[in-house]
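Written below as structure tokens is the structure these notes are about.
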Amino acid sequence: MRILGIETSCDETGIAIYDDEQGIMAHRLYSQIAVHADYGGVVPELASRDHVRKTIPLIKEVLAEANLTPKDLDGVAYTAGPGLVGALLVGCSIGRSLAYGWDLPAVPVHHMEGHLLAPMLEDNAPEFPFVALLVSGGHTMLVRVDGIGQYELLGESVDDAAGEAFDKTAKLLGLDYPGGPALSKMAEQGQVGRFKLPRPMTDRPGLDFSFSGLKTAASTLIRKETGESCQLSDEQRKQTYADIACAFQQAVVDTLAIKCKRALQQCDLKRLVIAGGVSANTSLREKLAITTKKLGGEVFYPRPEFCTDNGAMIAYAGLQRLKAGTDTDLTFKATPRWPLDSLPAI
Ligand code: KG4
Ligand code: ZN
């Protein structure tokens, strides 16, 4: 079976064709970074308009690259939510219209299920059950996964998502949108241990997260150490920014690692999956490799390009849902708010 996947939930247009015997046959990603950079964040209306421009040309490109025609497909999967409603509507309407025109089933996919299953696209795919840490720009969740659709939410962020905290702190450090990868790069130049920021909600039981206080602590530190009264040379200011970036990243990484360890112990599981944009963070990957090894376990993650939004994860998740007989009726659906644990089990 072979399916076309369409991802348009936020600021990336991702298109892919996945075949359950041949794997990913073609994929394309167009990032809207340049569109939103001047505004310091995603402008929803601009995102929708850009998806309108890019989706069809990218679909043509992946079909050509895979040397396929629509007749060679068994379905069209599209991200139905969660995400920006206008952006979702573009993928939904194009996906459903193509499915109608091509006489194929249209498969609505949950964006976070796509992220969660992205490690299945790798050679070293995890077996069920496992604990998944989903860390993106909009979500921070720990989930016990017993099978596709068998999701028990163990904990989530009560305020900002981890990626959002990265992006907001990066902005305070003068870095361009999207700040996560830029902050991580800056942190490489930082001196470990010069500053220490809190590890929120780790001193009490539970698996929820809170990152907005950490961002505020970083903001206070930036003002204290680099404010006008500090009279720093350009070089000193640059180094102080890098040291703060390093302290911030360490605080997020430690906090996530402490909760992952707790979740694995609570569930008595050894396999940990990390997915979503922040799982591309090298420091987080290294830390979680050590954490799971100490527990006699293993960590699984997608290749970096499939950590952030992409069409391949949507095609993969869509194919699993299609095979399981999901509802493919053509009624128009875009679901900006959609709890992961409300999905039916396969
Ligand atoms: O999954 P994703 O592409 O989109 C959403 O579904 O939100 O995640 C994007 C988030 C952004 O906040 C971005 O700054 C963050 O992932 N991110 C990173 C890194 N790469 C992407 N954060 C920290 N380190 C990175 N290397
Ligand atoms: Zn995402």
Side-chain angles (χ1 to χ4, degrees), residues 82 110-119 126-166 168-169 180 197-218 248-281 283-302 307 337-343 345:
H110 191 292
H111 181 80
M112 297 313 288
E113 179 168 72
H115 275 306
L116 197 155
L117 298 178
E127 282 176 29
F128 300 113
F130 54 76
V131 168
L133 171 71
L134 300 179
V135 268
S136 70
H139 294 86
T140 305
M141 292 192 258
L142 271 166
V143 187
R144 182 192 163 109
V145 181
D146 285 290
I148 296 179
Q150 296 177 51
Y151 307 137
E152 184 195 342
L153 185 64
L154 303 168
E156 63 186 330
S157 179
V158 296
D159 42 52
D160 291 355
E164 193 179 354
F166 261 101
K168 287 177 174 171
T169 305
L197 286 164
R199 275 72 175 142
M201 292 179 79
T202 52
D203 56 354
R204 59 183 114 148
L207 294 168
D208 283 339
F209 303 91
S210 164
F211 289 111
S212 82
L214 178 56
K215 174 206 65 198
T216 308
F248 173 82
Q249 175 167 270
Q250 273 207 316
V252 175
V253 166
D254 278 357
T255 304
L256 293 172
I258 290 167
K259 297 285 165 113
C260 284
K261 180 178 172 194
R262 213 178 268 179
L264 287 168
Q265 286 173 330
Q266 183 178 308
C267 296
D268 197 18
L269 290 174
K270 300 266 185 238
R271 284 183 287 269
L272 177 71
V273 159
I274 49 167
V278 182
S279 68
N281 186 280
S283 181
L284 178 65
R285 287 176 179 234
E286 284 168 6
K287 178 80 186 182
L288 290 178
I290 296 168
T291 306
T292 44
K293 199 165 173 219
K294 275 191 194 153
L295 295 172
E298 197 182 346
V299 62
F300 299 83
Y301 36 72
C307 286
R337 287 177 192 282
W338 187 5
L340 180 68
D341 54 2
S342 69
L343 293 178

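We count residues from 1, following the sequence as given. Note that these values count all heavy atoms, side chains included, but never hydrogens, waters or copies made by symmetry.
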Heavy atoms only: give me the nearest S210-M201 pair and the separation to one decimal. CB-SD, 3.4 Å
Check: R271 side chain, E127 main-chain N or O, donor-acceptor pair, under 3.5 Å: yes
Please round to the nearest 0.5 Å and tell me the distance separating atom NZ of K261 and atom CG of L272. 13.5 Å
Give every donor-acceptor pair under 3.5 Å between a side-chain atom in residues 144-155 and any protein atom, sequence neighbours left out.
unit_1: R144; atom_1: NE; unit_2: D146; atom_2: OD1; d: 3.4
unit_1: R144; atom_1: NE; unit_2: D146; atom_2: OD2; d: 2.8
unit_1: R144; atom_1: NH1; unit_2: C267; atom_2: O; d: 3.4
unit_1: R144; atom_1: NH2; unit_2: D146; atom_2: OD1; d: 3.0
unit_1: Y151; atom_1: OH; unit_2: E113; atom_2: OE2; d: 2.5
unit_1: Y151; atom_1: OH; unit_2: G149; atom_2: N; d: 3.1

Is there a side-chain contact between L133 and S279 in this structure, where contact means two heavy atoms from C-beta onward sitting under 4.5 Å apart? no
Which value, rounded to the nearest 0.5 Å, describes the distance between K293 atom NZ and K270 atom NZ? 14.5 Å
Measure across L142 and C260 and return the closest heavy-atom pair with its distance rounded to 0.1 Å. CD2-SG, 4.1 Å
Minimum heavy-atom distance R285-C307, with the two atoms named: NH2-SG, 2.9 Å
For F166 together with F248, are the ring centres under 6.0 Å from each other? yes
Side-chain heavy atoms of L134 within contact of L340, under 4.5 Å: yes
Heavy-atom closest pair (V299 atom, A289 atom, distance to 0.1 Å) is CG1-CA, 3.7 Å
Any heavy-atom pair between the side chains of T169 and L214 that's under 4.5 Å? no
The criterion is ring pair (Phe, Tyr, Trp, His ring centres under 6.0 Å); which residues satisfy it with F130, sequence neighbours excluded? F128
Where at least one partner belongs to residues 199-218, residue pairs that pass salt bridge (charged side-chain N to carboxylate O under 4.0 Å, His left out), sequence neighbours excluded: D160-K215, R199-D254
Can you list the steps and then say if S212 with K168 is a side chain to side chain contact (heavy atoms under 4.5 Å, CB included)? CA-CA 9 Å; S212 82; K168 287 177 174 171; over 6 Å; no
If you compare all heavy atoms of K287 against all heavy atoms of A257, which two are closest, and at what distance to 0.1 Å? CG-CB, 3.7 Å
On a heavy-atom basis, the closest approach of F209 and T140 is CD1-CG2, 3.6 Å
I'd like to check H110 versus W338 (side-chain heavy atoms, cut-off strictly below 4.5 Å). Are they in contact? yes
What I'd like to find out is whether the side chain of P82 reaches to under 4.5 Å of the side chain of H139, using heavy atoms alone. yes
Please examine the side chains of V273 and L116, heavy atoms only from C-beta on, and report whether any two atoms are closer than 4.5 Å. no
Any side-chain heavy atom of E298 within less than 4.5 Å of one from P126? no
Is there a side-chain contact between Y301 and L284, using heavy atoms and a 4.5 Å cut-off? no
